[in-house]
Amino acid sequence: MKRHITIKDIANELGISTSTVSRALADRWDVNEETRKLVLETAKRLNYHPNPLAVALITKQSKTIGLVIPEFENSFFCNIINSIQKVLNENGYQLLITQSNESKEIEERNLRLLENSMVDGIIISITREGENHELYQELIDRGVHLVFFNRVCTSIDAPKVIIDDYEMAFKATEHLIDIHCHNIAHLSGPPNLEITQRRKQGYLDALIKHNIPINENLILTAGVIMDAGVRAMNRLFESGEKFDGIFAVNDPVAIGAMKIIKGKGLKIPDDVAIIGFSESRSAMLVEPNLTSVAQPLSEIGLTAANLMLKLIRKKYIEEPIVKLNASLNIRESAIRS
């Protein structure tokens, strides 16, 4: 087995001290350029590779960022991961990705794992089961930087990347009103998520603005997956309530609802118009194409990664809460002549 080359080997080869080699490899100011060049050339020739754990202990940085996301099934998070990884790689950082599988317990295990892996910071979108408030604060108190995105913990003082969920839910509901929907149902997300509350309030305020009575029977707690949309839609049909429009908390829930609506022999959008949220790839694959709120996924990832780099470099963050613009992409599911 080939022996691992160490700093001592480079020092012996050049006849200089190990401390001089270490300073040269770290690009320190107190090493002259000729010596630095010689050390780097020798390190390359001997195929020297630094021990990551040793470097982390010396520099107090692992050059690794952890990422915790709720799930991989939805293209929403995959697109954001690509942008985060791009920024970090360009700045010499690696990304360690974990999935909570929408479980608060698994999220906690992932956070502990990342801390034990000596990551410099963690970028996180929280699970639908709620927030590990105490653990988030515990990590920050121990020097682990946190940046939240999309699903955030409002009680923790840390940078956050969000969109205006309230405004976009208001616009989505108002569009349904504009195309003459008079009984609009809302399939909402998990009650303990901030995005659920914001989107529901946007829906309610749009009804109030247009003097449409609020029918609590048309507001059903669904969830965030397609099966939740299926179950909520079945409950709505079983209730016997009249409805001609639906605003769903996200695209998977909307698509689940569409399956049941079409299964009942109703036409979308003629009988029931429907709007989702998050602009998943599936929005363009279902028939009719789903109207949805498009979030700037690349920008979310780029912003979260750059906020993390600023935290690590101890730079002042002018806007700890960054609110990005979104748009309503109107397609066949919510177009009426």
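Just so it is clear, the values below take in all heavy atoms, side chains as well, and ignore hydrogens, waters and symmetry mates.
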Is [X] salt-bridged to [Y], cutoff N-O under 4.0 Å?
{"X": "Glu105", "Y": "Arg109", "result": "yes"}
{"X": "Lys104", "Y": "Glu108", "result": "no"}
{"X": "Glu34", "Y": "Lys37", "result": "no"}
{"X": "Arg151", "Y": "Glu194", "result": "no"}
{"X": "Glu279", "Y": "Arg331", "result": "yes"}
{"X": "Glu167", "Y": "Lys171", "result": "yes"}
{"X": "Glu287", "Y": "Lys262", "result": "no"}

Please round to the nearest 0.5 Å and tell me the distance separating atom [atom1] of [X] and atom [atom2] of [Y].
{"X": "Leu114", "Y": "Thr98", "atom1": "CG", "atom2": "OG1", "result": "5.0 Å"}
{"X": "Cys78", "Y": "Leu297", "atom1": "SG", "atom2": "CG", "result": "10.5 Å"}
{"X": "Asn306", "Y": "Lys310", "atom1": "CG", "atom2": "NZ", "result": "7.5 Å"}
{"X": "Asp244", "Y": "Cys181", "atom1": "CG", "atom2": "SG", "result": "4.5 Å"}

I'd like to know if the side chain of [X] pairs up with that of [Y] as donor and acceptor (distance under 3.5 Å, no hydrogens or angles considered).
{"X": "Thr20", "Y": "Ser17", "result": "yes"}
{"X": "Glu129", "Y": "Asn192", "result": "no"}
{"X": "Asp251", "Y": "Ser292", "result": "yes"}
{"X": "Thr6", "Y": "Asp9", "result": "yes"}
{"X": "Asp205", "Y": "Tyr166", "result": "yes"}

| message | Pair Asp164, Arg198 - check salt bridge (Lys or Arg N to Asp or Glu O under 4.0 Å), show working. | response | CA-CA 8 Å; Asp164 195 330; Arg198 297 286 292 166; 3.7 Å; yes
| message | I'd like to know if Ile140 and Ile122 are part of one continuous hydrophobic network [Ile/Leu/Val/Met/Phe/Trp/Tyr, side-chain heavy atoms within less than 4.5 Å]. | response | yes
| For Asn325, does the CG atom sit with more than 12 other heavy atoms under 6.0 Å from it, leaving out its own atoms? | no
| Asp271, CG atom: more than 12 neighbouring heavy atoms under 6.0 Å | yes
| Quick one: which of Thr196, Leu187, Ile225, Val224 gives a side-chain contact (heavy atoms from CB on, under 4.5 Å) with Asn250? | Val224
| task | Test the Lys160-Phe149 pair against the cation-pi criterion, namely NZ or CZ under 6.0 angstrom from the six-membered ring centroid and within 45° of the ring axis. | result | no
| Phe277 ring centre to Arg199 NZ or CZ under 6.0 Å, with the angle to the axis within 45°? | yes
| query | Strictly under 6.0 Å, is that where the ring centroids of Phe237 and Phe243 end up? | reply | yes
| query | Do Phe148 and Ile126 touch side chain to side chain, with heavy atoms closer than 4.5 Å? | reply | yes
| field | Heavy-atom pair of closest approach, residues Leu176 and Ile274 | value | CD2-N, 4.4 Å
| remark: Taken in chain and number order and not counting sequence neighbours, the residues that satisfy salt bridge (Lys or Arg N to Asp or Glu O under 4.0 Å) with Glu107 are none
| With Glu332 via side chain to side chain donor-acceptor pair (under 3.5 Å) - residues at least two apart | none
